[in-house]
Amino acid sequence: MLKLQPNPTFTAKVGIPVPGGEPVQIKLTFKHMTRAALEQFLTGEEAAKRSDVDTVLAIVDAWDGVDAPYNRESVDAVLSQYHAFARSVVSAWVTELTQARLGN
């Protein structure tokens with residue numbers, strides 16, 4: 001049944017590119033956003049000013065598959081080591097929100 005009010009969070013696996021190897025799959029708990037909120041988040045005035053750390057913290061609620069607790073310090077550390085982390089996370093989040101399970 002389609003819910004008019006979806007769950008406030010959802011989980012998805014995200015492949016994080018790592019130098020010299022295959023992407024590492026981690027499980028993220030993402031925060032849901034309405035269409036209007038998503039558009040504002042991606043294109044509003046604050047979007048260009050928002051740091052990668054703040055972006056990840058705004059859309060991710062928890063993670064599994066990272067050897068550190070989910071907090072600002074750990075997100076900052078991951079971003080400094082894995083250059084494509086933020087892009088991969090945001091891309092997966094947007095895809096999940098806009099194309100969620102379109103089919104096999």
Side-chain angles (χ1 to χ4, degrees):
M1 175 183 295
L2 184 66
K3 297 179 182 180
L4 291 180
Q5 186 61 42
N7 294 333
T9 61
F10 58 93
T11 59
K13 290 186 179 180
V14 179
I16 306 300
V18 296
E22 294 294 317
V24 172
Q25 296 290 317
I26 63 172
K27 187 168 121 181
L28 298 177
T29 301
F30 287 115
K31 299 174 186 176
H32 185 272
M33 259 186 216
T34 65
R35 176 182 282 196
L38 173 63
E39 185 174 324
Q40 179 66 27
F41 185 80
L42 295 175
T43 63
E45 284 183 30
E46 300 82 31
K49 300 174 191 172
R50 191 180 309 113
S51 70
D52 285 350
V53 173
D54 288 333
T55 297
V56 171
L57 291 171
I59 67 173
V60 175
D61 196 49
W63 64 21
D64 185 27
V66 179
D67 66 350
Y70 180 72
N71 57 39
R72 176 175 280 280
E73 182 179 309
S74 296
V75 170
D76 189 44
V78 167
L79 288 167
S80 71
Q81 296 295 332
Y82 299 97
H83 303 239
F85 185 85
R87 179 182 43 83
S88 299
V89 168
V90 171
S91 178
W93 175 68
V94 169
T95 299
E96 287 291 323
L97 282 174
T98 61
Q99 299 178 22
R101 309 288 186 252
L102 285 178
N104 282 334

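Computation of the quantities below employed the complete heavy-atom set of this structure, encompassing side-chain atoms and omitting hydrogens, waters and symmetry-equivalent molecules.
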Would you say V14 and W93 make side-chain contact, with heavy atoms under 4.5 Å?
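No; the side chains remain at least 4.5 Å from each other.
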Once you round to the nearest 0.5 Å, how far does CG of L4 lie from CE of M1?
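Answer for the CG-CE pair, L4 versus M1, is 10.0 Å.
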Could you go step by step and tell me if T55 and D52 meet the side-chain hydrogen bond (donor to acceptor under 3.5 Å, both in side chains) rule?
CA-CA 5 Å; T55 297; D52 285 350; 5.0 Å; no
Hey, could you give me each pair passing ring-ring contact (aromatic ring centres under 6.0 Å, His included) that has a residue in residues 49-78? Not counting sequence neighbours.
W63-Y70
Give every donor-acceptor pair under 3.5 Å between a side-chain atom in residues 22-41 and any protein atom, sequence neighbours left out.
unit_1, atom_1, unit_2, atom_2, d
K31, NZ, L57, O, 3.1
T34, OG1, A37, N, 3.1

Could you list all the salt bridge (charged side-chain N to carboxylate O under 4.0 Å, His left out) pairs where at least one residue sits in residues 60-74, not counting sequence neighbours?
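Matches after skipping sequence neighbours: D54-R72.
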Donor-acceptor list for residues 75-91 side chains, cut-off 3.5 Å, not counting sequence neighbours:
unit_1, atom_1, unit_2, atom_2, d
S80, OG, A77, O, 2.8
S88, OG, A84, O, 2.9

Can you name the side chain to side chain donor-acceptor pair (under 3.5 Å) partners of K3, sequence neighbours left out?
N7
